[in-house]
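One-based numbering, in listed order, for ligands and for the atoms of each.
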Amino acid sequence: MKLLTALLFLFFLANIGYSQKPGADIDVLHYRFAVDLSDATDEIRGSATITFTVLKPTNSVRFDFVKQDNNKKGMLVSKVLEGQQPIGFSHDQHTLSINFGQKLEAGTQKKIEIEYSGIPKDGLIITNNKYKHRGFFADHWPDRAKNWLPCIDHPADKAMLDFVITAPEHFQVVANGVQVEETSLGNGMKLTQYTESTPLPTKVMVIGVADFAVQLSDVVNNIPVYAWVYPEDRAKGFHDYGQAAEILPFFINNVGPYGYKKLANVQSKTRFGGLENASAIFYFEGSVTGTRRSESLLAHEIAHQWFGNMATEKEWAHIWLSEGFATYMTVLYMEHAHGKDTARNMLIQDRQKTIAHARNSARPVVDSGVTSYMELLNTNSYQKGGWVLHMLRSQLGDSAFWRSIRTYYTRFAGKNASTEDLQKVFEEVSGNNLSAFFRQWLYTAGQPDLAVNWKYDAQKKIVAIEIQQQQNTLFQFPLEIQIAGGPIDGLITKSLPVKDKQTVLNIPMTDKPARISIDPNIKLLHSAIVTELKN
Ligand SMILES: [Zn+2]
C-alpha cells in the first residue's frame, strides 16, 4: 500500500481493541460472499457462506463483524443457518458469536450461512467518483473488511473466496480471481461472480463496482494484465496502467511465479495511494495522468502480490515483510528500468526519511506494541524496512541476496511468515549468523549516529580518522570510508568493521586529504557528521 500522505491522519487512528480477537479457535477455508448492491440506497444485503475447520474444541465460534450502531451504520444479522437449520447467535459491537449448542471437536469442518443487511460504516466505499458517477470500492486494509463482511479479519487466516455481486446492469464488477459468471437477471440487475482459488488474507480481498472502461493491456507469462479505468479516462488510463505489463516480468524473473490468474489495475476511490488487493490492485483516481507518472506506485503494488499477498506476515508487527519488501523491490525495479543513479537517489531519500523518523519516534521496525494498525504505515515499516533489505544485499552480495529472496518466497508463498522465518532463510542461504544484524536493525530503534573526526599529521604523513557511535545502543556494521587524497594518493576507499563506541583508523597519506566521505556507495543506514580537527 502507498499512502496519500494528507489523508493518513484523518481516519481510523482509534482502532478499538477487544480482549481476545476471533480466529484463535478456527481456520476459515472458504468464503462465499453474495452481496446485493443498489443505485437507490447505500444499504447492502449480504449472505456469507463460511466453511471452516475447528482448531480447538468449542461451543461457539466468533467472527469479526461490525454491528449496526445508533447512526444506522453497520450490519444487522437476520439469521444464521447450518444447511436449512437456524442456529443461535449473538452480535456485539465488533463480534458475531455463533452458538452451536454442542461442543465442536477439533478437526470438525463446518459450513454456515450468515444473512445480513445494512449500510457499511467503512470497508466498502460507496461514493461518487471525480466524474460524479456512483461506485462501490472495497477498501479493507488493515482490518476493515469486517465492516461489511463477516470474517476472521486477520492476515494469518487466509481463505479462498467467491464474490457473487448482484448490481444494477450498467455497472461492471472487478474482484479477486477469475470471473466465472456474468448474467443479466432481466430486472435491470446483473449477477457477476468471481472465484479466487488462492487463499487470501482479508486485507486484500476486494470488489470494485462502477462504470469502467476495460482493456486487456497484455498477456505476460500466460497472465492477462488488464486496465480498469473510468470511461472518461479511457485513453490516459489504458496508457498508464498498461505499464503494469512491463513491470510484471521483473518480479516473475527475479522472485518467482506470479501467484494469481490475472492482474487487474483499477482506478478507484481507495483512500490510499494504492491498495495491493490480490490480482485486482486499486489505485487512487488521480493516479491516471496519461504520462505514466505512477510507475513506482504500480511497481510497489505489483511487488506486494509476492510480498504481503502471497507471502504474508503472521502478525501485524511484522508488516515490514509487506511494506519494506514492496519499498525495496520498487527500488530494485527502478534500478533495472532506469539505472543505478535512480536507485541511489531513492535510497538516499529513504535514508533521510528514516533518520528523521527515528528522531521523533524511538520504536523498532518490529513493533508489537502497536494496536492501532494504521500507525504501522510509518517510515519504519516502509523506508527502514526497505533499507534493511538493502543492507542485506550490500553485505551478503547480489547472489546470496536474490537466492534468499527466492527461497523465502518459495517457502512462504500461500502462507504466513515472521521476521524470524526470514532470518532463518537468509542464514541458511548465506551461511552467516545474522542474529546481531536482525536484532539491531529490526528490534532496536534508531541507527548508528556517527561523529567522524579526522586530522592530518603533516610530519608523520598520516591521516587519523576517529569514528564515534553516539546513539545509545552500539551497532556493529562494515563501514566504507573514502579519502580524496592529492595527485599521488588518489582516491582511497577503506572498509572497516565497526562495533565499539570508538574506532580509529590511521592511513598514510602523502598530502592532506581534500575530503573524507562516509559510506560513499550508499550501503549503510546511518547519520554522520564529518569534522576536520585542526592541529
Ligand atoms: Zn505497500
Under the side chain to side chain donor-acceptor pair (under 3.5 Å) rule, collect the residues that match up with Thr354, sequence neighbours excluded.
none
Please state whether the separation between the Zn ion (ligand 1) and some N/O/S atom of Glu323 is under 2.8 Å?
yes
Specify which N/O/S atom of His304 comes nearest to the Zn ion (ligand 1), by atom name.
NE2
Have Trp316 and Thr371 got a donor and an acceptor in their side chains that come within less than 3.5 Å?
no
Is any NZ, NE, NH1 or NH2 atom of the basic residue among Lys158 and Glu313 found under 4.0 Å from an Asp or Glu carboxylate oxygen of the other?
no
For a distance under 2.8 Å, tell me if Met1 has an N/O/S atom near the Zn ion (ligand 1).
yes
With the threshold set at 4.0 Å, does a side-chain nitrogen-carboxylate oxygen contact exist between Arg144 and Asp122?
yes
